[in-house]
Amino acid sequence: MTGPGWLSVVTAVAGKDLRIEFRTRSRSLTMAGFVVLVGVLFNFSIDQALVRPQDIASGLTWITLILSGLIGVGRTFAIEKEDGALAGLLLTPAPRDAIYVGKVLANFLLVYAIVLLTIGVFGLFFRLDYGNHPGALLGILAAGTLGFVALATLFGALTASTTLGESLLPILLFPLLVPMVVYGASASGRLLAGRPVAEVAGQGRMLAAFAVLAVGAGAALFGQIVEE
Amino acid sequence: MKARTGWLGITLAVLGAMASVGTLWMVFFWVPTERTMGVVQRIFYIHVPSAWVAFLAFGIVAVASGVYLWLGDERADMAAQAAAEGGLLFTVIVLTTGPLWGKIAWGTYWTWEPRLTLTLILGFIYVGYMMVRSAAASPEQGKRFAAVVGIVGALFIPLIHMSVYWFRGLHPDPVILNPEGPTADWEIQATLYAGLLAFTLLFLGLMTLRYGVERARHVLELREAA
Amino acid sequence: MIRRTLASCLFGLALVALAGAWDGLAAQNANLGAQRLGRPYLFVFLAYAIGWGLILGWIVSIARRLRSLERRIDRD
């Protein structure tokens with residue numbers, strides 16, 4: 001598993017996905033447009049006489065992460081089907097877990113960039129104060145994004161070859177995202193409210209556990225999904 | 001083979017049905033009414049055994065899915081499929097009896113009570129498990145995909161459990177009742193254990209019969225292929 | 001055949017138990033007086049009726065599928 005080829009497969013798969021994305025910008029542009037427009041709609045959905053936007057911005061950020069991530073990750077295997085690159089890669093003895101980790105890495109970089117855009121746009125729209133610990137906020141979001149991307153990539157590969165396609169993805173994915181939303185929204189909400197980092201250490205650890213479990217399960221089971 | 005699983009299933013189901021009749025008698029004619037909650041507490045004797053069976057079934061799904069992916073044994077997949085169908089059924093029972101109890105005991109049909117929340121999520125995982133199986137391009141693929149969903153679901157259930165308990169810590173329920181606490185009368189405990197035994201036997205029996213359905217389908221497919 | 005008999009036996013037993021249970025519960029709780037009866041009773045019976053209805057439905061559906069499959073196996 002950890003032979004000399006492993007890391008090079010990871011970087012090759014991640015590099016290929018990122019190069020395609022960089023060239024076409026198909027996913028990043030749709031996702032970026034999506035989060036800005038969602039921010040606009042969220043703004044009009046809030047009656048500011050009843051609730052301050054800052055109070056619910058944390059939860060909205062996580063929901064936006066999930067929805068925009070679905071757009072991005074859901075497409076990745078559809079693209080693979082069109083150009084047949086994955087099928088070609090699967091004919092080689094490349095370790096399946098390395099292919100999976102490479103896909104997760106590329107998707108993570110893409111979705112995390114969109115998450116940063118989201119938090120920036122929401123900061124502007126909802127006048128967020130990033131508190132005294134922006135680093136902790138970025139770390140919390142990174143852990144949540146990694147866990148999300150790991151599960152979405154696994155189930156995205158699975159649903160891409162079913163007759164229902166991407167519409168099945170939320171049904172498989174959302175029940176498992178409960179821990180991410182519970183711990184993530186609480187942690188980022190507290191940080192945005194200016195609470196100390198010590199108060200969110202427990203949530204951070206649970207998010208890290210969520211991410212590790214998701215990547216581990218995906219790496220172990222990905223081979224079963226792409227097997228012909 | 002067919003006859004053996006048939007008789008095993010029927011024996012277990014009949015034992016379970018007999019124990020169920022005994023439990024129903026205990027619930028409605030024997031066990032005293034619980035003092036603080038009153039009559040509605042009797043829902044407990046169908047609610048809790050159903051919840052136990054729902055989670056037992058999911059454990060069976062996860063283990064059988066693992067065995068199927070590991071050894072490729074068709075029988076493991078059939079067992080997982082049989083357990084998932086029964087598990088979903090008992091999850092639905094939990095999710096209908098729980099709110100009926102909650103309406104009387106707490107004044108609301110739905111609360112984010114952690115165990116009820118966890119059962120709801122479990123139900124969604126079961127639904128996904130079944131949809132994946134039926135939406136796959138080929139039966140072989142459906143078996144593998146369903147097994148993956150079953151295993152990943154089981155891996156995440158403990159984390160989901162922790163998170164919904166932790167979330168409840170932030171938003172406590174207005175009334176917290178602990179009916180299975182050590183203060184419960186022995187008649188209440190005996191009735192609960194009878195219910196647990198009855199539903200476990202009944203579920204295992206019906207699951208075996210449901211397995212027999214897959215078995216028969218498999219035999220028929222082999223014969224038609226030949 | 002044996003499965004159909006089994007299913008109808010179970011169904012009959014459950015009906016008898018449900019019918020008898022209302023009387024039993026009312027008799028046993030006659031001394032509760034002050035407690036408001038009515039809706040809690042209805043909900044208890046609803047819970048058991050729905051639960052057992054679903055279980056009996058599952059039994060019938062298993063029996064039906066098994067019977068049709070075995071008929072097809074025997075026919076060939």
Side-chain angles (χ1 to χ4, degrees), chain B residues 2 6-7 9-10 13-14 16-18 20-21 23-25 27-33 37-47 49-50 82 85-86 89-90 92-94 96-101 103-105 199 202-203 205-207 209-210 212-217 219-220 223-224, chain C residues 2-3 5-7 9-14 16-32 34-59 61-76:
Chain B
K2 186 183 90 186
W7 283 113
I10 287 172
V14 166
M18 279 157 51
S20 297
V21 171
T23 306
L24 285 172
W25 179 81
V27 169
F28 288 103
F29 296 97
W30 180 73
V31 73
T33 299
M37 261 183 294
V39 168
V40 76
Q41 186 267 342
R42 279 164 214 262
I43 291 180
F44 185 66
Y45 307 116
I46 189 170
H47 180 75
S50 302
E85 195 176 294
L89 181 98
F90 282 95
V92 172
I93 295 178
V94 177
T96 47
T97 55
L100 287 173
W101 179 8
K103 182 62 185 169
I104 305 290
F199 269 28
L202 191 65
F203 168 73
L206 293 177
M207 185 196 128
L209 290 173
R210 177 66 184 76
V213 172
E214 287 311 309
R215 184 98 208 155
R217 194 169 287 155
V219 167
L220 206 60
R223 193 178 294 177
E224 276 166 5
Chain C
I2 183 161
R3 286 170 190 89
T5 320
L6 180 72
C9 279
L10 281 175
F11 188 67
L13 276 176
V16 170
L18 265 178
W22 185 281
D23 283 343
L25 202 54
Q28 208 204 16
N29 289 298
N31 58 345
L32 274 178
Q35 189 181 348
R36 200 171 62 83
L37 303 175
R39 201 159 71 152
Y41 274 83
L42 177 67
F43 276 38
V44 169
F45 279 100
L46 265 182
Y48 279 86
I50 293 171
W52 278 99
L54 286 169
I55 293 172
L56 292 175
W58 195 38
I59 294 173
S61 106
I62 291 174
R64 229 182 239 159
R65 281 180 280 181
L66 207 52
R67 218 175 25 242
S68 85
L69 281 168
E70 283 180 351
R71 203 176 289 149
R72 276 171 64 194
I73 288 175
D74 292 340
R75 197 173 46 209
D76 295 340

**OP:** Decide whether C:Ser61 and C:Arg65 meet the rule of one side-chain donor and one side-chain acceptor closer than 3.5 Å.
**Re:** yes

Original post:
Roughly how far, to the nearest 0.5 Å, is the CD1 atom of B:Ile43 from the CD atom of B:Gln41?
Top reply: 9.5 Å

Original post:
Which one, B:Arg210, B:Arg217, B:Lys103, leads in non-hydrogen pairs under 4.5 Å with chain C?
Top reply: B:Arg210

Original post:
Measuring heavy-atom distances to chain B, does C:Ile50 have an atom under 4.5 Å in its side chain, in its backbone, in both, or in neither?
Top reply: side chain

**OP:** Using the six-membered ring wherever Trp is involved, compare the ring planes of B:Trp25 and B:Trp30 and label them parallel, tilted or perpendicular (cut-offs 30° and 60°).
**Re:** parallel

**OP:** Select, from B:Leu100, B:Val94, B:Thr97, the one with the greatest count of heavy-atom pairs under 4.5 Å involving chain C.
**Re:** B:Leu100

**OP:** Side chain from CB out, backbone as N, CA, C, O: work out which of these in B:Glu214 comes under 4.5 Å of a heavy atom of chain C, or both, or neither.
**Re:** neither

**OP:** May I ask you to check whether C:Phe45 and C:Trp52 place their ring centres under 6.0 Å from each other?
**Re:** no

Subject >> Any side-chain heavy-atom pair of C:Ile55 and B:Phe90 under 4.5 Å >> reply: yes

Subject >> Residue B:Val219 versus chain C: region with a heavy atom under 4.5 Å >> reply: side chain

**OP:** Please look at B:Thr96 and chain C and tell me whether the side chain, the backbone, both or neither of the residue comes under 4.5 angstrom of a heavy atom of that chain.
**Re:** side chain

